[in-house]
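Comments concern the structure below.
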Amino acid sequence: MSTASAEVVAASGLTATTLFTYLIVPALVLWVVYYRMSRRRLYELAAKLPGPEGLPLVGKGLEFIGSPHDIYTRVNKLGLEWEDKPVVKVWVGPRLLVFLKDPRDVEIILSSHVHIDKSPEYRFFKPWLGNGLLISTGEKWRAHRKLIAPTFHLNVLKSFLDLFNQNSRAVVLERTVPNSRLSWSTPEILLETAMGVNKKTQNQSGFEYAMAVMKMCHILHIR
């Protein structure tokens with residue numbers, strides 16, 4: 001601030017802090033008004049949905065603080081309180097979460113080729129998985145989806161029946177099934193089908209792969 005400006009401020013009895021307050025408060029109020037106006041349609045639609053009343057600004061965000069077990073317990077309890085409603089809204093800060101309970105509603109969303117945007121948290125997967133089918137959207141998602149569709153053709157899946165049966169039989173015939181046995185069978189099938197890894201010749205363990213994936217997902221969830 002120049003000497004002349006400082007003298008004007010001093011003469012008017014305004015301190016730098018007071019001047020800053022006079023400038024920042026109106027700017028903040030204008031930003032809040034603009035933010036809410038830009039989301040007016042969202043608030044109008046949300047008002048039509050049933051759901052728990054939250055605190056100002058944070059909504060029900062405090063319910064999502066703590067260990068995964070604590071969060072699950074609180075959210076499950078919240079769900080039981082609204083179990084008679086097929087659609088329930090929950091505000092977590094400025095974010096609106098909409099829970100669907102009717103499978104027919106879920107099917108509409110999951111089968112849509114329009115509503116395919118992923119949650120912002122999916123960006124944490126990008127260094128690991130790249131911008132592939134799991135986290136991409138728009139034309140990139142459609143192109144990848146079109147490429148992978150033939151893989152799940154019924155005739156292709158039929159060719160893997162022997163592998164499915166072998167791994168499933170190994171679980172069923174176990175007299176004492178270890179806790180990890182069931183979770184081991186699925187990645188074994190995945191390695192031999194999707195990845196083409198033969199566990200007999202290449203000495204690869206599906207369980208180790210599954211544990212690595214679970215550990216990475218746990219790290220991302222904590223983040």
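Only a predicted model underlies this, so the values are computations on that prediction, with no experimental measurement involved.
With rounding to the nearest 0.5 angstrom, the CZ atom of Phe125 is 5.0 Å from the CG atom of Leu220. The distance from the CG atom of Leu110 to the OG atom of Ser112 is 9.5 Å, given to the nearest 0.5 Å. How far OG1 of Thr21 is from CG of Leu28: 11.5 Å, rounded to the nearest 0.5 Å. Atoms OG1 and CG, on Thr73 and Leu78 in that order, are 12.5 Å from each other to the nearest 0.5 Å. If you take CZ on Arg39 and OH on Tyr34, they are separated by 12.0 Å, rounding to the nearest 0.5 Å.
Within the structure, every pair that satisfies the side chain to side chain donor-acceptor pair (under 3.5 Å) test and touches residues 124-146, not counting sequence neighbours, is listed here: Asp117-Thr137.
Residue Met37 is not grouped with residue Tyr35 when hydrophobic side chains (ILVMFWY) are merged at heavy-atom distances under 4.5 angstrom, including chains of intermediate members. Under the 4.5 Å side-chain heavy-atom criterion for ILVMFWY residues, no single connected hydrophobic cluster contains both Val106 and Val88. When the side chains of ILVMFWY residues are joined at heavy-atom separations under 4.5 Å, either directly or via intervening members, Tyr43 and Val29 end up in two distinct hydrophobic clusters. Hydrophobic clustering keeps Leu42 apart from Val90 (ILVMFWY residues linked when any side-chain heavy atoms are closer than 4.5 Å, directly or through intermediates). Hydrophobic cluster membership differs between Leu133 and Leu129, with clusters built from Ile, Leu, Val, Met, Phe, Trp and Tyr side chains linked at under 4.5 angstrom.
With a 4.5 Å cut-off on side-chain heavy atoms, Lys77 and Glu81 count as touching.
Applying the 6.0 Å contact sphere to NZ of Lys118 captures more than 12 heavy atoms from other residues, nucleotides or ligands. No more than 12 heavy atoms of other residues, nucleotides or ligands lie within 6.0 Å of OH in Tyr122, so this atom counts as exposed by the packing criterion. Within a 6.0 Å radius of OH in Tyr72, other residues, nucleotides and ligands contribute 12 heavy atoms or fewer.
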Report all side-chain donor-acceptor pairs from residues 94-101 shorter than 3.5 Å, counting only partners two or more places apart or in another chain.
unit_1, atom_1, unit_2, atom_2, d
Arg95, NH1, Glu121, OE2, 2.6
Lys101, NZ, Trp82, O, 2.5

In a table with atom names and distances, give each donor-acceptor pair under 3.5 Å that connects a side chain of residues 45-70 to protein atoms at least two apart or in another chain.
unit_1, atom_1, unit_2, atom_2, d
Ser67, OG, Asp70, N, 3.2
Ser67, OG, Asp70, OD2, 3.0

